[in-house]
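Have a look at the structure below, then the notes.
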There are 2 protein chains.
Amino acid sequence: MALDHAILVSLLEQPGSGYELARRFERSIGYFWTATHQQIYRVLKRMESDGWIDVREVPQQARPDKKEYSVAAPGRAALAAWLHEPIEPESVRHDLAVKIRGAAFDDPAALIHEVERHHRKHTDRLAHYLAGERRDFTGPDAPGEPDAGQELQHVVLRGGIAYERMTIAWLEDVLATLRRLAAAHGTRSR
Amino acid sequence: MALDHAILVSLLEQPGSGYELARRFERSIGYFWTATHQQIYRVLKRMESDGWIDVREVPQQARPDKKEYSVAAPGRAALAAWLHEPIEPESVRHDLAVKIRGAAFDDPAALIHEVERHHRKHTDRLAHYLAGERRDFTGPDAPGEPDAGQELQHVVLRGGIAYERMTIAWLEDVLATLRRLAAAHGTRSR
DNA sequence: CTTGTTTATGCAACTCGTTGCATAGAAGGA
DNA sequence: TCCTTCTATGCAACGAGTTGCATAAACAAG
């Protein structure tokens with residue numbers, strides 16, 4: 001049930017509306033947690049009725065009004081309590097690995113394009129992370145003396161970068177294996 | 001909905017009961033997909049009524065009878081169809097990263113023990129994977145001429161190994177960051 | 001002989017996540 | 001003028017995943 005807490009952290013870093021949160025979940029928070037706008041609105045409603053967050057109606061020109069949420073004291077306490085609880089290391093859900101093992105019962109060569117597509121996506125994501133890192137942390141426009149929040153955001157981003165680099169290298173390993181199998185199969189069937 | 005397909009792959013690699021599948025999901029398949037026995041029994045029931053898998057009652061001595069499932073032709077066809085569909089790269093769910101960013105609004109030092117605990121767990125898991133790799137693929141008792149299925153299982157296992165190594169290195173980065181922040185905080189508060 | 005462990009299967013209730021759809025104001029282009 | 005896009009919020013239904021509990025046969029330990 002960490003979506004609650006992910007939203008609380010995001011609102012502590014910067015108050016905002018459900019819509020703004022949804023966009024953050026496509027970017028920075030989305031590096032390690034995904035959520036759709038429906039999920040977010042539902043959780044916001046629940047947390048508001050529980051008194052964890054406050055709402056403020058913000059009239060806007062040139063666009064619809066929005067509800068800006070910010071964390072209230074009980075929400076902060078709930079987050080602190082969660083931070084002190086131990087959690088289990090994440091459970092993995094890797095569809096592509098299922099496909100790779102499944103390819104043994106089908107045509108391994110047919111997977112090559114799919115794996116190449118994933119390789120491109122992860123390469124793009126890595127470039128995006130690295131651009132964000134230069135912009136916010138290591139580039140010339142980055143703040144000179146980072147505070148604790150920035151240090152922690154940076155170490156999480158470094159995790160995302162490490163993950164993408166590892167994944168890209170592994171996908172290249174997968175591709176080499178699939179191509180070797182495809183070649184061997186071609187030889188045998190002739 | 002890839003649990004169906006993960007089960008089909010596992011049953012193709014080796015037919016078995018719901019209980020046996022649940023144990024595989026704690027081991028090899030569990031490297032990239034998790035499932036509880038309730039989930040597994042429920043899906044097995046559905047796939048059986050859809051004609052994707054066949055059941056065989058197997059009487060056993062010294063333990064309760066079991067139902068051994070194996071993949072039927074329609075199940076194999078369903079798996080093949082899924083293999084040819086493109087899938088989106090996995091969505092990440094990393095509670096620990098939420099905690100790390102949340103620590104900016106609490107005490108970063110309080111997270112150190114939690115991160116150390118995760119570090120130990122991942123170190124154990126890596127050792128377990130490496131033992132499995134030696135046993136099944138690179139050790140002296142491993143088969144000399146691996147078939148396609150074994151090659152593909154090995155490349156997936158190499159992915160698990162790469163993931164654990166990357167995670168362990170990142171957790172060390174996180175620990176160094178937390179300790180630096182804790183020391184700076186201690187200095188400032190004096 | 002009772003208690004605990006392993007194998008083996010399952011129901012019920014609940015929460016979480018996904019998908020499809022609906023509404024609505026404002027801006028910009030065809 | 002109509003169509004699309006962007007901002008902004010939300011409902012309803014469904015499917016996936018989790019948690020707690022229940023049953024039962026066999027064996028091992030006390």
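Naming: A, B, ... by sequence-line order, numbering from 1 per chain. As the structure is a prediction and not an experimental result, all values here were calculated from the model.
One interatomic measurement links the two molecules: OH of Tyr41(A) to C1' of dA24(C), which rounds to 13 Å at whole-angstrom precision. The separation between Glu88(A) atom CD and dT18(D) atom P is 13 Å, rounded to whole Å. Straight-line distance from the NE2 atom of His37(A) to the P atom of dT23(C): 15 Å, rounded to whole Å. Atom C1' of nucleotide dG10(C) and atom NZ of Lys66(B) are separated by 18 Å, given to the nearest angstrom. Note: CD (Glu57(B)) to P (dT7(C)) measures 19 Å, nearest angstrom. Taking atom NZ of residue Lys67(A) and atom C1' of nucleotide dG10(D), one finds them 9 Å apart after rounding to whole Å. The interatomic distance linking Asp50(A) (CG) with dT15(C) (P) rounds to 12 Å, in whole Å. Atom CZ in Arg63(A) sits about 15 Å away from atom C1' in dT9(D), given to the nearest Å.
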So which protein N/O to nucleotides 16-18 of chain C N/O distances come out below 3.5 Å?
from	atom 1	to	atom 2	distance (Å)
dG17(C)	OP1	Arg93(B)	NH1	3.0
dG17(C)	OP2	Gln39(A)	OE1	3.1
dG17(C)	N7	Arg42(A)	NH1	3.1
dT18(C)	OP2	Gln39(A)	NE2	3.0
dT18(C)	O4	Arg42(A)	NH2	2.7

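Two rings, from His122(B) and Trp170(B), have their centers 6.0 Å or more apart.
Contact annotation: Lys45(A) side-chain N/O to dT9(D) OP1/OP2 distance is not under 4.0 Å.
Here Glu13(A) does not pair with Arg24(A) in a salt bridge; the nearest charged N to carboxylate O distance is not below 4.0 Å. Taking a cutoff of 4.0 Å between a charged side-chain nitrogen and a carboxylate oxygen, Arg93(A) and Glu90(B) do not qualify as a salt bridge.
Remark: Arg23(B) pairs with no residue by the side chain to side chain donor-acceptor pair (under 3.5 Å) rule, at least two apart or across chains.
The aromatic rings of Trp52(B) and His5(B) sit tilted, their planes meeting at an angle between 30° and 60°.
Chaining together hydrophobic side chains whose heavy atoms lie under 4.5 Å apart places Met166(B) alongside Tyr163(A), Met166(A), Tyr163(B).
Applying the salt bridge (Lys or Arg N to Asp or Glu O under 4.0 Å) test to pairs two or more places apart or on separate chains, none has a residue in residues 137-146 of chain A. For residues 154-170 of chain A, the set of pairs meeting the salt bridge (Lys or Arg N to Asp or Glu O under 4.0 Å) definition, not counting sequence neighbours, comprises Arg125(A)-Glu164(A), Arg158(A)-Asp173(B).
Annotation: proximity of residues 10-23 of chain A to DNA chain D (heavy atom, distance under 4.0 Å) is found for Ser17(A), Gly18(A), Tyr19(A), Arg23(A), numbered in ascending order.
Side chain of Asp147(B) to backbone of Gly149(B): a donor-acceptor contact under 3.5 angstrom is found.
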